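First comes the structure, then the notes that go with it.
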Amino acid sequence: MAAGYAELLRTRHAARLLAGTLAGRLPNATAALAVVLFVRAEGGSYALAGALSAVYGLCNAVGQPLLGRAVDLWGQPRVMLPASVVSALGAALLTAVGLDVLWPAYAAMVIAGFFTPPLEGGLRALWPGVLRRADRVHAAYALDAVAQEVMFAVGPLLVTLCVAVWSESAALLVINLIGVLGALSVVVSEPSRQWRSGPREAHWLGALRSKGLLVLIGAFFFVGLALGSIAVAAVAYADEHGGGMVSSWLLSALGAGALVGGVVYGAREWPGRPEGRLRLLIGMLALGYLPLVLVPDVVGMTLLTGVAGVFLAPALACAFVVVDRHAPKGTVTEAFSWLVTTFGVGSAMGASLVGPAVERGGAVAGFAVAAAGGLAAVVVLLSTKRFLGDPVQPTADTHTTENDRNGAAEPGFRAGRQA
């Protein structure tokens, strides 16, 4: 297992792109926790914290596909680095204006959310050109999901550390500075500078004209809702169980569980169609969320959140493969960005719903929202099964051919073309 991942990372540019993207995504990954902690430190309510997080998430959802389409048209450096800087300035504005007057705080969240760069989609567009083999690209999707869970495990601890050493405001500033440096590392690399999207058919719907992609968007909306609600519910649970670093331990355990699941999942090739496998993985993910409503003591809750995260990274890695199979040609960054958008909208809705739920029913009600989100994702995938079958023909820039399924290289296999 370790040898396979090590070989992948020894490929030229692979480790740098993965690390840079990981750092660049840190502000988005920790935004829910950082904003909640900042608002609570400023004397704001959970409802206000949820509302600000929701604005961030919704604007992120609008910005990601638009910026992703801009990347497909104009390349990565011209879009991603300026967007990262503007997003960081939005977070800095929140720390400067505080909560005395609310409209500047909401405006800051609009800026920070909308201009979050589509680094996730950008990395997945780069993998085929860097790795040049379909089997390695599919393994890289799993490694990418694992790395994301490292970020979700370490990110909350970094936020809490910054709060302990400096303040909640400093935490927001530090994570956004790291995000800008990560984006800079990616866009100055040779693959990012030379990448261009494949030729695309002019269509105002872009990637959204794929029915399969629409199904994924619907399902992962509810997965995002579950994750967004867990972030706020974890803080509420911590308030009920002594405060301190309890919320960070829970979120880190969630990420650690996903990390383990992703490493195991990506270490082997799986038989069968990825669409069917995705339904199974989302079903297992939903089952893992149900026990969270038991809210046992801190040790038990930490174990439950760890188990709840096990199937998250495998589900994401499998979803990336399904996007490859169903996204229209020339829309690769936009298509992956729509998946990120799904998380943004869902997470925003989760944060918005769970704030009032926590104030009425405590942490139990908060985790119940997460459980409901997981079950809803399963319902979407099962009820739309006919739309997420095998594509009639490979339409994405990363074609899935018989050679790909057998692990052989295909000369034309790439999400974009090198300039």
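Numbers here simply count residues along the sequence, with the first being 1. If you're wondering where the values come from, they're calculated on a predicted model, not measured in any experiment.
- Proximity of L285 to V310: side-chain heavy atoms (C-beta onward) are nowhere separated by under 4.5 Å.
- Considering all non-hydrogen atoms of both residues, V380 and G218 come closest at CG1-C, 3.9 Å.
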Chi angles and distances behind the salt bridge (charged side-chain N to carboxylate O under 4.0 Å, His left out) call for K385, E275: CA-CA 9 Å; K385 188 175 180 180; E275 290 84 359; over 6 Å; no

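- Residues I178 and L158 are in side-chain contact: their nearest non-hydrogen atoms beyond the backbone lie under 4.5 Å apart.
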side-chain contact (heavy atoms from CB on, under 4.5 Å) between W249 and V298, worked out: CA-CA 9 Å; W249 286 120; V298 174; 5.9 Å; no

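- Of all heavy-atom pairs spanning L225 and L353, the tightest one is CD1-CD1, 4.1 Å.
- Taking 4.5 Å as the limit, every side-chain heavy atom of R193 sits out of range of all side-chain heavy atoms of V187.
- Atoms CG and OG1, on L251 and T30 in that order, are 10.5 Å from each other to the nearest 0.5 Å.
- When side chains are defined from C-beta on, F336 does not count as touching E120, because their heavy atoms never get closer than 4.5 Å.
- The shortest side-chain heavy-atom distance between Q64 and R69 does not fall under the 4.5 Å cut-off.
- Between F38 and S169, the closest side-chain pair of non-hydrogen atoms falls below 4.5 Å.
- One N or O on the side chain of D72 and one on the backbone of E334 form a donor-acceptor pair closer than 3.5 Å.
- With sequence neighbours excluded, the residues forming a side-chain contact (heavy atoms from CB on, under 4.5 Å) with S189 are R16, L17, P191, S192, listed by chain and number.
- Side-chain contact between L214 and F387: absent, with no pair of heavy atoms (C-beta onward) separated by less than 4.5 Å.
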W166 vs V174, side-chain contact (heavy atoms from CB on, under 4.5 Å): CA-CA, chis, key distance, verdict: CA-CA 10 Å; W166 296 300; V174 168; 4.1 Å; yes

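- Taking 4.5 Å as the limit, some side-chain heavy atom of L316 sits within range of a side-chain heavy atom of F220.
- Residue Y106 comes nearest to A51 through the heavy atom pair OH-CB, 3.5 Å, listed as atom of the first residue, atom of the second, then distance.
- The line from CG of L81 to OG of S185 is 11.0 Å long, rounded to the nearest 0.5 Å.
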